[in-house]
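Take this structure, written in structure tokens, and hold onto it; I'll ask about it next.
Computed over heavy atoms, backbone and side chain alike; hydrogens, waters and symmetry mates excluded. Whatever order the structure lists them in is the order used to number ligands and atoms, beginning at 1.
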Amino acid sequence: MRPLQSEVEQRGARIFEIVDQHPESLFSKAGFYQRLMALSMRDEQFKAELFRLVDVLPSLRKSGDIVEHLDEYFADMRNGFTAFIHTGVRLARIVPWVSGPVLRWNVSGMARQFIAGKNPDDLMKTLRKRRAEKIGFTVDLLGEAVVSETEADKYAARCLDLLETLARETRGWTDPLGRNSELFPVVNLSVKISALYSQMNPADPAGAIAHLVPKLQPILRRARELGAFINFDMESYAHKNTTLELFKTIFTEEEFKDWPHAGIVVQVYLRDSEADLRHLIDWGRARGTRFAVRLVKGAYWDYETIRSRQNGWDCPVYFQKPESDVNFETLTRLLLENESIVTAAFGSHNVRSIAHAQALADELGIDRSRFEFQLLYGMAGPIKRALVEMGYRVREYCPVGELLPGMSYLVRRLLENTSNEGFLRAKFAENVSATELLRDPNELVRRDGPGSATQATTTTPVANEDRHRKNGASLDTAPGDTYQNSPLVNFVYKESQDKMRAALREVRGRFGEKYPLVIGGEKVWTDKLTPSVNPSAPKEIVGYVPEGGIPEAERAVKVARSGFGKWSQTPLEERARLLERAAAIMERRRYELSAVEVFEVGKPWAEADGDIREAMDFCRFYAAQMRRLGRPRLTQHVPGEDSYQHYWPRGVALVIAPWNFPTAILCGMASAALVTGNTVIMKPSEQSIICAAMLMQVFEEAGVPPGVLNFLSGHGSVIGAHLVDHKDIDLIAFTGSREVGLKIWESAGITRPGQRELKHVVCEMGGKNAMIVDSDADLDEAIVDSIYSAFGYQGQKCSALSRLIVLEENYDRVMERLLSAAASLRIGNPEEPGIVVGPVIDEAAYRRILDYIEIGKTEATLAYQAKDVPPHGYFVPPTIFIGVKPNMRIAREEIFGPVLSVLKVRDLDEALEVANGTDYALTGGFFSRSPANIERIKAQLEAGNVYINRSCTGAIVGRHPFGGFKMSGGGTKAGGEDYLLQFLLPRVVTENVTRHGFAPEETQQYRDEFLWPKR
Ligand SMILES: Cc1cc2nc3c(=O)[nH]c(=O)nc-3n(C[C@H](O)[C@H](O)[C@H](O)COP(=O)(O)OP(=O)(O)OC[C@H]3O[C@@H](n4cnc5c(N)ncnc54)[C@H](O)[C@@H]3O)c2cc1C
């Protein structure tokens, strides 16, 4: 046994010995709370429902609502506590005016367990008690989800007030250890950086720092005057780099350079944490003044794993709990070895982690008064007492504030306390032995198998999981549930930001270049060039493409028609591979293609990247789908007869695409047509011809045969109309406005002389999408997601939110937060990272939207309109109308710009009536925490894509097949498993295989010989 390990064991044993002298349960408050937690640890479903109830409770105002929710969450539960729960729910129903407040009181009690005070007065009572126990404090102001600058400014003001109160109330307090007290001021404030700025965007650390520095300066200045200590807490990974950078920036400023009373948190569950800590230490040495680091494992493990899984990102956290424990010890050493510049605070309740820090400090000869242990208020009381008794410096992290803003903090603590992996549960609820609890975590790390330490550094568990599933997938399995989407670019990494900047520079450098039409594999020029302008700066021309006319359209039809025979007979595997090669090329050129979108159609960085990701996904997803669909498949096992259903392509497809998803939609429709064996004429919108030219380059490089894909640009009213009516066009795939869509639908119904097929139209049009905010909705989420759904990409998505329907009970609170959140949006040239609202596409759109705003002013009440928009470029100020009625034009007509109508309704019945009362049915959303109401919306909201408790934009291929009905479209689902059928004609071949009563016993499931006959 290594000496350090035995030392750790000895110290751990000593802590346990003291802890066991004053036996206490896991939670310092017994009774109701303790029983609930015990149930939660035994039953995952109960735990999920309980945490959901806890989450919604503070926002419920009526006793009846509380009982209603209790019933909805627990009535259907089937487990060992069913009888107990049902009795409780029944009783609650009988006397809601009693049970509602009782329940609320109990949950408030739960929160009081972790929240040190509602207000500074309450808090001081707690702090005084702790002082008597020789425990110091750091105070954290609850109120994390800041949706606007108004809220952020309030948080900053509260920080300043709190500093004053703490300094005043603790005057004369002395250091509990009386040694090295200059390192540990009595007043210590923990600050959440994201609560100081509502527009933090991982892609733009510099922008965030520029906003945050002036906000922090007065707080730091005052803290310094008052002799207080300021700690930067660490939140989700998306904010980590910015928080670190901010810390270094502000504490290098002349004013704060020599101030030692600043600290920051390092979360050891992050794989980056060692590198970050080394950089911090180097920075500290260069700065030449002490600073502090609080080492914690990290409070957002579940969030980080879910988020990275959803986006296909490498997971930033370790997968195995012992890996975090090992890293805690590694970084403990790093901190203590650099004690000369950094003061360590160990934020843990884990006796092994604590004992290790103690043992190592002794080994390195560091006096125990030169570092401290920090523990959370309401947790691990006996451990705090033991540490004090052993002569260590202990500080308690004390959250202060109301329950509602403190909810996410409370839920994090509940998760932590009931986690299977947690130390506290093991020690205090499951009585795991001291020997087991003090084991060296290195021994517990699994070295192989999925999610192991060795694999984990290169792949995520998702990747592992998906790899397993993919291998297991057969042709009979719908790829929908095995398809792995391409990851989004994670702009949290500086490398991604740098690549995007370089791409923007490079694309800017080739502004004004000319790109040809491509017909029959030949580059075609005409005598007229169409310029494509940058809507942020209309004097800038991104590039030119020749304007095609009727002759070019005729030529395109001719080559597509003559190429059809061969392409339709090309094995599906070859066609699928073409799409996969195209996806790979887009992946290689990803930043460049995104940059073109930023300039040509005014997309913010992440939106542009999302579009390229979607284009790649369409290619790969449709390739997979075609492999599933493409082979002739036995319809039924019937002796003596073989019947195979299969598909033929339709012929020549005309693809007419919009500018708002300039690569994805064009690519999606074209790739679906190609992989199914049709030849294609691709006609992009006149506003996004450069993106289309890029896509043509991609397919040419991927090896599309001449004539199979043709790129034709020109006026829709000229070549579009001509081709729609053309007898040699068999299929039209259209996405765009209702006006044009309906014309195409009608015109395609007319059969022309010489026409072979009935024209098939794949038609996707607009929406007038509604989001309903229920009276119990989580407003932190509802506001942020509504603002993003309405104003992200300037409201120019067919899925964008344009009608916010708010229940009157909640109306005032929603509006107060919504309007200030809108006022905080960053508007500007999307070439800059961090911009949310850029320009609209062109002058015509600009004028049309402004006209609608004028109409809105006459019909309803203007509640908000942004003032500072850039003077040049097509910038429409985000605008919100209230007092909107369902029959008004702004509530019925698609505006396609940053204009939001708010409709106040009595109840959910009226909300549904209003939501469903339009011509459209594309997307719809609902924010609620009532399971019954959620079920109702799922069943009754008329929309092709219904989104609950999230934004109503951002459909992902395979995951959210996209498309609507009514006047929103023909009911197809792009990115769904039925989509390719639109591009195909079904056919069945039946053969009698009986000869004189004899028939083969076996029939093959698939046979594809006759699709590609040898002769
Ligand atoms: C004073 C104080 C301040 C804090 N400030 C912050 C802060 O600013 N930011 C922040 O994020 N957290 C902060 N925390 C919260 C802290 O991260 C958690 O309380 C802590 O992670 C619990 O760790 P533990 O050592 O007490 O318990 P343990 O039970 O030993 O560890 C639990 C932790 O292990 C990690 N873990 C769980 N499962 C896995 C897994 N499968 N793989 C890898 N790791 C896993 C998680 O981080 C989990 O929280 C603070 C805690 C304290 C005490």
Side-chain angles (χ1 to χ4, degrees), residues 12 26 114 116 135-140 144 188 190-195 231-240 243-244 247 263-271 273 292-305 315-329 331-332 344-357 372-380 383-384 387 393-399 408-409 412-430 432 437-439 441 444-446 451-453 456 460-461:
L26 170 51
F114 300 110
I135 294 176
F137 65 84
T138 177
V139 179
D140 154 57
E144 302 165 20
N188 185 315
S190 287
V191 180
K192 291 234 162 9
I193 296 306
S194 74
N231 193 77
F232 287 14
D233 280 2
M234 198 56 88
E235 304 168 71
S236 64
Y237 188 65
H239 299 325
K240 190 258 301 175
T243 308
L244 281 168
F247 184 79
I264 190 162
V265 170
V266 170
Q267 298 156 313
V268 306
Y269 65 8
L270 295 180
R271 297 167 195 282
S273 52
V293 165
R294 179 197 300 151
L295 203 61
V296 303
K297 283 177 197 153
Y300 306 82
W301 191 87
D302 298 77
Y303 171 82
E304 300 297 359
T305 43
C315 192
V317 295
Y318 289 111
F319 301 133
Q320 297 183 47
K321 164 72 166 58
E323 291 180 290
S324 295
D325 293 335
V326 167
N327 199 35
F328 195 92
E329 298 190 0
L331 300 199
T332 294
F346 301 103
S348 173
H349 308 117
N350 184 324
V351 174
R352 160 78 207 191
S353 308
I354 292 171
H356 171 266
E372 64 183 3
F373 291 104
Q374 296 190 354
L375 295 92
L376 298 177
Y377 175 81
M379 286 167 66
I383 300 176
K384 290 173 200 156
L387 291 170
R393 191 180 283 285
V394 178
R395 191 180 294 278
E396 193 170 58
Y397 184 94
C398 298
S408 48
Y409 178 82
R412 279 206 300 278
R413 293 292 80 80
L414 294 180
L415 277 172
E416 187 171 328
N417 278 318
T418 51
S419 154
N420 286 329
E421 309 264 19
F423 177 88
L424 290 178
R425 173 174 174 169
K427 162 69 187 152
F428 294 97
E430 290 167 355
V432 174
L437 292 172
L438 293 174
R439 270 178 72 181
L444 302 172
V445 176
R446 291 188 309 281
S452 72
T460 64

Nitrogen or oxygen atoms of Gly298 and ligand 1 under 3.5 Å apart: yes
Proximity winner for atom 45 (C) of ligand 1, if only heavy atoms of Tyr318, Trp301, Phe373, Tyr377 are counted: Trp301
Sub-4.5 Å side-chain heavy-atom contact between Lys427 and Val351: no
Which of the ligand 1 atoms, numbered from 1, are nearer than 4.0 Å to a heavy atom of Ser348: 24 (P), 25 (O), 26 (O)
Protein heavy atom at shortest distance from atom 50 (C) of ligand 1: Val296 CG1, 3.6 Å
Closest to atom 44 (N) of ligand 1 (judged by heavy-atom distance), picking from Pro441, Ser236, Ser324: Ser324
Closest protein heavy atom (residue, atom, distance) for atom 52 (C) of ligand 1: Leu376 CD2, 3.4 Å
Heavy-atom check, side chain of Gln267 versus side chain of Tyr300, under 4.5 Å: yes
Per-atom contacts of ligand 1 with Gly422, taking only distances under 4.0 Å to non-hydrogen atoms: 29 (O)
Proximal ligand 1 atoms for Val265, defined as those under 4.0 Å from one of its heavy atoms: 7 (C), 8 (O)
Within reach of ligand 1, part of Arg294 (heavy-atom separation under 4.0 Å): side chain
Closest approach of any protein heavy atom to atom 26 (O) of ligand 1, naming residue and atom: His349 N, 2.7 Å
For Glu416, atoms of ligand 1 separated by under 4.0 Å from a heavy atom: 18 (C), 19 (O), 20 (C), 22 (C)
Short N or O distance, Phe319 and ligand 1, threshold 3.5 Å exclusive: yes
Any Ser419 side-chain heavy atom under 4.5 Å of Lys321 side chain: no
Where ligand 1 meets Leu375 - atom numbers and elements under 4.0 angstrom, heavy-atom basis: 1 (C), 53 (C)
Nitrogen or oxygen atoms of Glu235 and ligand 1 under 3.5 Å apart: no
Test item, Glu323 contacting ligand 1 (heavy atom, 4.0 angstrom): no
Polar proximity ligand 1 side, Tyr397 side, N/O cut 3.5 Å exclusive: no
Phe423, any N or O under 3.5 Å of ligand 1 N or O: yes
Modelled atom types, side-chain donor and acceptor of Ser273 and Asn327, under 3.5 Å: yes
Protein contact of atom 30 (O) of ligand 1 - nearest heavy atom, named by residue and atom, plus distance: Asn350 ND2, 2.7 Å
Option of least heavy-atom distance to atom 40 (C) of ligand 1 (set: Lys321, Lys427, Glu304): Lys321
Face-on cation placement of Arg439 at Phe423 ring, 6.0 Å and 45° thresholds: no
Ligand 1-proximal atoms of Gln267, by part, heavy-atom distance under 4.0 Å: side chain
Axial cation check for Tyr409 ring with Arg413, 6.0 Å and 45° limits: yes
Residue pair Tyr397 / Asn231, side-chain donor-acceptor N/O under 3.5 Å: no
Enumerated ligand 1 atoms positioned under 4.0 Å from heavy atoms of Asp233: 8 (O)
N or O pair under 3.5 Å between Gln374 and ligand 1: no
Ligand 1 to Leu424 polar contact by distance, N or O atoms, under 3.5 Å: no
Contacting atoms of ligand 1, where contact means under 4.0 angstrom from a heavy atom of Tyr269: 47 (O)
Option nearest atom 23 (O) of ligand 1 (shortest heavy-atom distance, choices Lys297, Arg352, Lys192): Lys297
Pair Asn188-Thr138, side-chain donor/acceptor within less than 3.5 Å: yes
Ligand 1 to Tyr300 polar contact by distance, N or O atoms, under 3.5 Å: no
Protein contact of atom 8 (O) of ligand 1 - nearest heavy atom, named by residue and atom, plus distance: Met234 N, 3.1 Å
